[in-house]
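Every chain is numbered from 1 and lettered A, B, ... according to where its sequence line falls, protein lines coming before strand lines.
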Amino acid sequence: MSDLQIVNASKTYGTVGVLNQVNLEISSGEFVVFVGPSGCGKSTLLRMISGLEEISSGEIWLDGRVVNDVDPAKRGVAMVFQNYALYPHMTVFDNMAFSLTMAGAPKKERMERVEKAAEILRLGHLLDRRPGQLSGGQKQRVAIGRAIVREPKVFLFDEPLSNLDAELRVQMRAELVQLHAKLKSTMIYVTHDQIEAMTLADKMVVMNGGVIQQVGRPLDLYDDPNNKFVAGFIGTPKMNFLNARVAQVFDDRVVLSQIGGTDTGILEVPFHQFDQSIKEVQIGVRPEHVRILGNVEPSASMPVTVALVEELGDMTVIHTDLPNGERLTAQSHGGRYAGIANACATVDATHVLVFDREGNRLRGAKLS
Amino acid sequence: MSDLQIVNASKTYGTVGVLNQVNLEISSGEFVVFVGPSGCGKSTLLRMISGLEEISSGEIWLDGRVVNDVDPAKRGVAMVFQNYALYPHMTVFDNMAFSLTMAGAPKKERMERVEKAAEILRLGHLLDRRPGQLSGGQKQRVAIGRAIVREPKVFLFDEPLSNLDAELRVQMRAELVQLHAKLKSTMIYVTHDQIEAMTLADKMVVMNGGVIQQVGRPLDLYDDPNNKFVAGFIGTPKMNFLNARVAQVFDDRVVLSQIGGTDTGILEVPFHQFDQSIKEVQIGVRPEHVRILGNVEPSASMPVTVALVEELGDMTVIHTDLPNGERLTAQSHGGRYAGIANACATVDATHVLVFDREGNRLRGAKLS
Amino acid sequence: MSDVANMEVSVARSKATGTRRASEARRRISDATVWTVLKWTIAICVAIVAIFPLWWMFNVVFSEPGVPVSINPRLYPTSISAGLRNIAIIFTETGYLRAYYISVVYTLLTIGGILLVSSMAAFEFALFDFPGKKIMFAIVMLSLMVPKAVTLVPTYLLTVQLGWLNTMQGLVVPGLASAFGLFMLVQFMKSLPTEMIEAARLDGANHFQIYLHVVLPLSRNALVTLAILTFMHTWGNFSWPLIVAPNPTMYTVGQVVGLFNAPYSHTTVDIAMTANLLAAVPPLIFFLIFQRQIVEGIASSGSKG
Amino acid sequence: MSARVTKTTPHYLMLLPFMLLFAVFFLYPIVSGLIYSFFDWAGAQPTTFVALENYTKVLNSRNFNKAASNLLLYVSITVPLGLTIAFCLALLVDSFSGFWAKFFRSAFFMPVVMPLFLAATIWRWMYAPNFGLLNTILGWFGFESVQFLNNVNTMLYCLIAVDVWVSAGFNMVIILAGLKNVPKHYYEAARLDGANKLQQIFYVTIPSIRPVLFFVVTYSLISALQVFDVPWLLTGSSFAEYGGRANTLLFPVMDIMGRGFGAVKFGQAAAYGFMLTALIIAVTAVMFALRKKVGEV
Amino acid sequence: QEKVVLDYWVYSDFAQGEALKLQQSFISEFEAKHPGVKINIAGKGDDDLLTGQIAGAASGTGPDVFMNSTSAGAALVQAGALKNVYEDWMAMPQEYRDQFNKDLIAMCTPKPQTMYCLPYTGFGSFMFRNLTVLKEAGIDPATPIKDWNDWVAQMEKVKAKGKYGIPDMTQVWGSFLNIYSGIAEPNEWGADFEKKKTLINPDKYAKTAELFVKMKPYSTGTSINDQATRDLFISNQLAFYINGPWANPPFEQAAKNSNLKYDWVLIPGAHEGKNGGVQGYEFIGVAPKKNAKLAWEFAAYVTEKQQMVRWAAALGRYNSNQASLTDPAVASHPLLAITYKAAKTALFNKPPFFSGVYPNSYWSAITDNASAIEDGNMTPEEGAKKLIEELNEILSDG
Ligand SMILES: Nc1ncnc2c1ncn2[C@@H]1O[C@H](COP(=O)(O)OP(=O)(O)OP(=O)(O)O)[C@@H](O)[C@H]1O
Ligand SMILES: Nc1ncnc2c1ncn2[C@@H]1O[C@H](COP(=O)(O)OP(=O)(O)OP(=O)(O)O)[C@@H](O)[C@H]1O
Ligand SMILES: [Mg+2]
Ligand SMILES: [Mg+2]
């Protein structure tokens with residue numbers, strides 16, 4: 001029921017445009033995550049949906065009606081703030097019951113609804129405390145509880161976990177997944193933590209500079225990004241981007257050369273009907289598709305200098321420099337780094353993405 | 001030259017003990033990282049070394065003399081604070097030169113030393129600015145610069161990167177590594193970020209509850225932790241801990257059963273001369289040593305229910321529940337999760353760690 | 001057929017939403033404008049009430065002489081030259097300039113002294129622990145509650161014993177240990193980050209240098225606020241100069257104005273008002289110059305109460 | 001031991017100037033005032049010890065009850081009223097931004113800057129019967145002229161109006177500063193929860209700035225209990241005659257000044273002063289106790 | 001030879017303009033006669049003068065020679081600010097002593113062998129009349145006002161023209177006395193500090209209060225000290241204004257600038273032949289300090305006839321040196337003439353001087369009572385009875 005459509009929404013502060021012609025459809029029950037670098041407009045978009053921020057142009061439809069001018073409290077949305085915004089002078093109960101108090105709900109109803117929410121979040125024993133007496137994770141849960149009590153059609157979360165420590169974040173993430181499964185409400189979630197985004201989202205919205213870059217399932221974005229920004233933004237360590245020349249074009253593949261400025265840097269990338277007019281491209285390779293080899297030099301490998309090795313237990317990240325100064329990062333699992341300084345790198349050509357000079361993804365023609 | 005010894009150091013606030021009989025040796029030029037959960041006493045220990053905090057009992061030796069009563073400024077240590085503690089009313093130059101000004105150094109010397117430090121940190125063009133006009137990373141560098149100018153024997157860092165965003169942290173981490181390589185001073189670094197600890201440390205000190213749990217090279221701690229705390233604290237996703245019964249003891253291995261409360265949960269763990277009196281143990285298995293298989297049920301595999309799957313692109317984390325309710329997390333790379341709900345898990349017995357009921361590591365006798 | 005019906009329905013609905021939206025928007029706009037108009041009206045009215053007296057006095061000074069003042073509300077100045085003449089009379093025929101000088105010196109020395117002495121004490125009370133701190137601070141705070149009227153004479157007798165009658169130090173020194181100033185600065189300094197002070201300690205700054213190079217500059221807003229309040233208080237202080245500096249060569253502006261305001265004074269209203277107005281000018285200027293800092297300064301001092 | 005001493009020495013050195021001046025010019029006069037309050041003391045004349053006579057004389061004097069009840073009434077109106085108005089003004093200024101916020105802030109603060117004798121002169125004129133501004137305005141509406149400052153029913157309220165006018169700006173600025181520190185998210189959360197503007201003020205603003213309010217209330221109380229110059233000037237008082245018609249604007253500090261310099265009974269004045277001090281300390285203590293009870297956030 | 005410096009404190013209006021010039025010439029004359037003596041004059045507002053003298057007496061650092069109102073004399077005696085100058089006085093030639101107003105000398109000598117000061121300047125109050133208003137009301141200013149009834153009748157006529165008759169005379173004790181003196185005798189005013197009883201005559205007080213009630217409809221509601229009252233007079237809205245000679249300068253200026261037409265007459269009394277009015281005096285006193293001898297000489301010098309003649313002639317101000325007032329240079333001054341006339345029948349402001357300090361609520365009790373009667377809260381008789389009780393109580397309270 002609670003479908004949300006954002007149509008051509010823009011937002012300007014004075015003359016500064018913050019959001020530019022945003023279009024987005026969110027269906028009922030979906031868990032949507034907005035990601036993007038700081039200042040890209042995630043919070044602004046969220047706040048426009050909540051009604052806390054006015055919309056400069058365009059429309060927001062909720063359940064089939066335009067809500068541009070509807071009071072925030074009447075939109076049926078609830079918001080969980082980054083720093084929780086719990087009222088420090090009220091008990092947990094009063095915090096959670098606040099919206100009901102404002103609506104003048106009778107005491108009995110307040111008790112019931114708060115207790116129900118408290119049960120879902122296992123907050124029952126904390127209802128008499130003040131926020132100051134709670135741990136970070138508990139505060140977080142109270143903030144969510146306050147939203148649940150309102151029984152909103154749409155939950156909005158603005159980086160709700162960013163104030164928690166790593167362990168608690170993992171835990172709360174799992175709780176959020178369960179909560180979504182239980183309540184089945186639409187949830188919109190802002191974060192700039194990728195892992196959060198990937199693990200939580202049904203649908204991930206990647207934004208940059210006030211523009212939506214790509215919308216899709218997390219793994220689709222990971223495997224098949226539309227542009228360099230999305231490709232680079234998703235995945236840690238970050239995807240490697242290398243310049244390459246188009247050497248030869250075949251019907252089902254393209255041969256790229258001069259990778260890393262080396263003559264041996266040649267890749268045959270599967271590609272259906274590459275546009276012959278393009279001579280210069282950038283390729284994107286994820287670190288897990290790069291292999292660093294000892295001093296052996298097989299053909300089609302590039303000589304690299306190891307700059308920094310980060311051994312993180314199971315995973316080893318090796319930062320290397322190519323002869324032309326480009327950085328190439330490789331990631332491997334299980335083994336331990338042997339301690340070589342000069343090495344060779346090979347790239348798995350089947351996982352290489354090709355971008356044009358502007359950073360847009362070049363895709364092979366669909367086979368009909 | 002700048003060896004540091006901490007001998008039986010304790011710290012109490014009133015009646016509350018915060019550090020308990022800490023002993024630690026740090027050799028000249030080492031990069032030592034203190035890790036541990038919040039409140040475990042990392043900062044307190046660091047501040048005791050700096051002299052900002054008085055030591056309740058025990059001794060701190062620096063370069064062969066006891067410095068317990070030496071003024072902080074005269075210990076030859078420099079500290080970089082979490083929130084930088086730059087003086088907002090002074091320019092970057094004045095901030096960096098402050099210690100020299102206090103020491104009454106002539107202008108020329110101040111200029112020279114500040115410029116040298118600024119060069120190392122690429123701050124040359126910022127010397128006239130005030131801290132308010134700097135970005136987070138730049139402030140961070142100024143704070144380090146202020147320390148460098150003093151040419152200290154020991155650098156102390158208290159979570160210097162925790163206020164930065166993820167990308168900047170990665171970058172600053174690399175810079176710190178280079179700085180250490182360049183200056184070759186002793187550096188002591190407090191963090192509760194594991195990745196930071198693992199990538200930076202020559203020697204890692206894991207603390208909990210005011211007690212040092214283990215000291216060693218990061219990978220040694222990862223592979224060979226002394227106790228459950230260290231094992232669980234290092235590594236993400238966290239190590240799995242499962243209860244087990246000692247079924248049979250051989251000279252070079254021990255057979256554990258009832259893992260996950262299942263009859264098929266049997267592991268033969270290589271172990272030299274297991275103490276026969278122990279009947280109940282806990283085993284620790286890192287997620288990368290757990291494999292989740294489809295519905296096939298080979299012997300020595302345990303039936304599990306998949307609770308949550310987190311697909312992070314290259315890596316997939318599968319949280320499962322064992323029949324006795326224990327959680328078992330597995331991690332795999334490259335592949336994508338097939339979407340099964342009931343599955344089987346196997347554990348790589350060669351990588352299993354054994355702990356007693358108190359959480360202390362049980363180690364096989366050394367082969368003489 | 002059914003398609004057509006559907007279409008009609010949807011058209012009707014969109015019309016309905018259209019009109020409802022329009023009316024909602026109108027209501028919102030009118031609500032907003034009512035609120036805005038109300039807000040501005042109140043703000044302007046209060047501003048008038050607040051500024052009017054000064055404006056009125058200005059008009060009285062700059063008005064045609066001889067026109068009764070109180071029954072012809074002066075809403076605007078009528079004669080600039082008369083005002084200038086009044087000012088000239090004040091400056092040439094009375095000791096006003098000298099009083100200005102005395103008052104300015106008195107005020108500035110007091111400000112300087114209070115800022116120095118109480119910031120040093122506040123530095124200790126706010127940032128460090130040492131034996132006797134609590135009791136000393138409590139006694140100082142208690143003194144805030146003793147009315148000035150009680151201590152006026154004993155303080156005066158003491159000052160006389162020191163031989164400071166009719167001297168600048170007699171005016172200034174007894175007022176320097178301001179409990180209010182100390183209280184304000186302590187509240188402010190409590191909010192300074194301790195790391196800043198620790199960093200300075202590590203940098204080799206001694207106790208006094210930390211105060212001088214770190215804490216003082218960081219307390220700038222609070223110091224400015226205290227300076228403004230002290231300015232106003234000292235400039236308006238009447239009873240102390242009156243008894244401790246009775247010699248005309250030491251008259252402050254307040255005392256000179258007091259001469260004009262005396263019931264049996266021969267002067268006419270406009271001259272008396274001119275004297276009053278001129279007395280208001282320095283605090284006004286001081287305030288206008290520094291008013292930006294006052295909010296931040298008071299903020300951090302007030303918030304901890 | 002000696003290490004400890006040298007460690008704490010700098011603290012005392014820094015405190016020395018203040019504490020020395022304080023001890024000499026505040027503590028000593030207070031203590032000697034306290035001693036004099038037990039003596040019959042008329043300036044230079046030899047003083048005789050009279051034990052508690054000064055205190056009993058003050059307590060039994062005709063004016064004491066009047067001054068005390070005036071003070072009670074005055075404080076119980078002017079403090080809440082003044083703070084409410086200051087609070088509203090702070091909200092008002094807070095709702096503006098940029099130039100106008102600064103403008104109104106400065107404008108509202110203006111009365112604080114103005115010397116008091118000036119303010120009093122002008123207010124006396126505003127209150128004047130028949131031709132004063134207020135009566136002129138009342139006249140437009142057909143009301144009879146009110147002798148604001150000479151009518152026992154209006155005098156106190158006239159004083160309170162001036163008092164509020166004088167002090168509102170100061171309190172406003174402090175409250176305003178407190179308002180700026182309230183995280184915006186609280187208001188947004190409350191808006192989403194359906195709280196209207198008024199509810200936001202009661203449920204968010206006031207609780208959030210409680211420490212500031214505490215400061216303002218306490219300070220206002222202490223100052224109001226020592227009220228002196230405004231009623232003194234407003235009633236055109238002199239040492240011979242003060243307090244206005246029927247002593248309606250007679251307050252303890254005025255009486256202290258009058259007894260001291262008018263009747264030359266400094267012993268009584270001091271005794272009076274210390275009784276007032278005791279009251280102020282009691283009120284302040286109650287305030288602190290209340291704060292403890294409500295609990296600090 | 002060491003220079004002796006004497007501090008000489010006067011009211012602020014003595015240290016302004018014309019008056020200051022004259023004072024300074026007295027000083028330089030005196031200095032010329034006494035080489036090595038320097039006199040510093042300082043002007044002070046009323047309360048400031050008292051405060052400074054009391055504080056100065058307490059610390060022994062007050063002025064050497066100073067003036068104040070005789071009504072503040074008792075307080076200064078109590079504070080120990082005044083030296084007993086009886087012997088110095090008696091040492092002066094008889095001729096000098098005869099110059100002074102006998103009543104005042106008696107007032108300055110409250111006890112045998114105890115004299116606290118020399119009487120100095122003074123004032124008598126009278127009534128300013130706005131001739132324009134009177135003309136409009138059809139009143140001939142040339143016909144003297146017979147008595148209170150006549151007076152009230154005039155006010156009624158003034159009021160009929162929409163003008164005001166008189167300021168509210170109950171607000172300040174001085175203006176009250178200006179009316180009461182129109183019916184009371186000198187021994188019916190002030191207090192007896194021995195018996196702790198007020199001397200006010202209740203019947204006469206009640207009569208006075210009756211007059212207040214009658215005048216109320218014609219009153220401006222403002223006190224005589226309010227700026228508004230003077231402004232009303234200047235702008236031809238007010239017929240009668242009662243005050244001392246110091247109120248004249250603004251009127252004089254208005255007469256020049258805006259054609260104010262006014263004159264002055266004695267304050268009408270309750271019946272024909274009786275006039276109201278208040279006389280008050282400033283004294284010049286000497287502090288019990290090292291240079292008291294010189295200070296006395298200076299005090300004696302400025303109060304001497306020669307100086308007082310110049311003073312009166314230049315400023316038109318009254319003084320207590322009777323001899324000076326009869327000097328032809330002085331008698332012709334119109335303001336002085338009326339003051340002189342007024343003082344003959346006027347009551348002293350707060351007698352007796354130099355003996356008892358009036359408790360601070362004494363004076364306000366009177367004005368409060370009068371106001372209450374004027375407002376109709378009590379009948380004059382009730383009020384009078386109550387007032388006497390109240391004042392006696394205040395006096396015995398101390
Ligand atoms: N009130 C405002 N006035 C002007 N610009 C604003 C305002 N609020 C936000 N902006 C600008 O709008 C842009 C988007 O802000 P927004 O808060 O939506 O970013 P975000 O994506 O949530 O970033 P973050 O991850 O840091 O929270 C930023 O560049 C910000 O500077
Ligand atoms: N001044 C103090 N008085 C009392 N207890 C203190 C004081 N300072 C610190 N503690 C306590 O000492 C313990 C250790 O504090 P410390 O700051 O060293 O922890 P930490 O390991 O640095 O934690 P974090 O990662 O949160 O910074 C904490 O439990 C803290 O509450
Ligand atoms: Mg945001
Ligand atoms: Mg810490």
Fill in: Closest contact, heavy atoms only, Tyr87(A) versus Asp193(D)
OH-OD2, 4.1 Å
Worksheet item: Which heavy-atom pair separates Ala73(A) from Gly194(D) by the least distance, and what is that distance?
Response: CB-CA, 3.2 Å
Discussion item. Among residues at least two apart in sequence or on other chains, which ones pass side-chain hydrogen bond (donor to acceptor under 3.5 Å, both in side chains) with Tyr187(D)?
Written reply: Thr205(D)
Fill in: Contact check, side chains of Asp71(A) and Arg191(D), non-hydrogen atoms, under 4.5 Å
no
Atom [atom1] of [X]: over 12 foreign heavy atoms under 6.0 Å:
{"X": "Tyr186(D)", "atom1": "OH", "answer": "yes"}
{"X": "Lys66(D)", "atom1": "NZ", "answer": "yes"}
{"X": "Glu119(A)", "atom1": "CD", "answer": "no"}
{"X": "Tyr13(A)", "atom1": "OH", "answer": "yes"}

Worksheet item: Are the side chain of His89(A) and the backbone N or O of Arg210(D) linked by a donor-acceptor pair below 3.5 Å?
Response: no
Worksheet item: For chain D, which residues of residues 92-112 of chain A have at least one non-hydrogen atom nearer than 4.5 Å to it?
Response: Phe98(A), Ser99(A), Thr101(A), Met102(A)
Worksheet entry | Within residues 75-83 of chain A, residues adjacent to chain D where the heavy-atom gap is under 4.5 Å | Val77(A), Met79(A), Phe81(A), Asn83(A)
Worksheet, complete the sentence: Looking only at Ala85(A), Gly132(A), Ala147(A), Pro131(A), the option with the highest number of non-hydrogen pairs under 4.5 Å against chain D is Ala85(A)
Worksheet item: Could you go step by step and tell me if Tyr84(A) and His185(D) meet the side-chain contact (heavy atoms from CB on, under 4.5 Å) rule?
Response: CA-CA 8 Å; Tyr84(A) 321 135; His185(D) 282 132; over 6 Å; no
Worksheet, complete the sentence: d(Arg146(A) CZ, Leu192(D) CG) to nearest 0.5 Å is 9.0 Å
Item to complete: Write out all pairs satisfying ring pair (Phe, Tyr, Trp, His ring centres under 6.0 Å) with one or both partners inside residues 100-147 of chain A, taking only residues at least two apart or from two chains.
Response: none
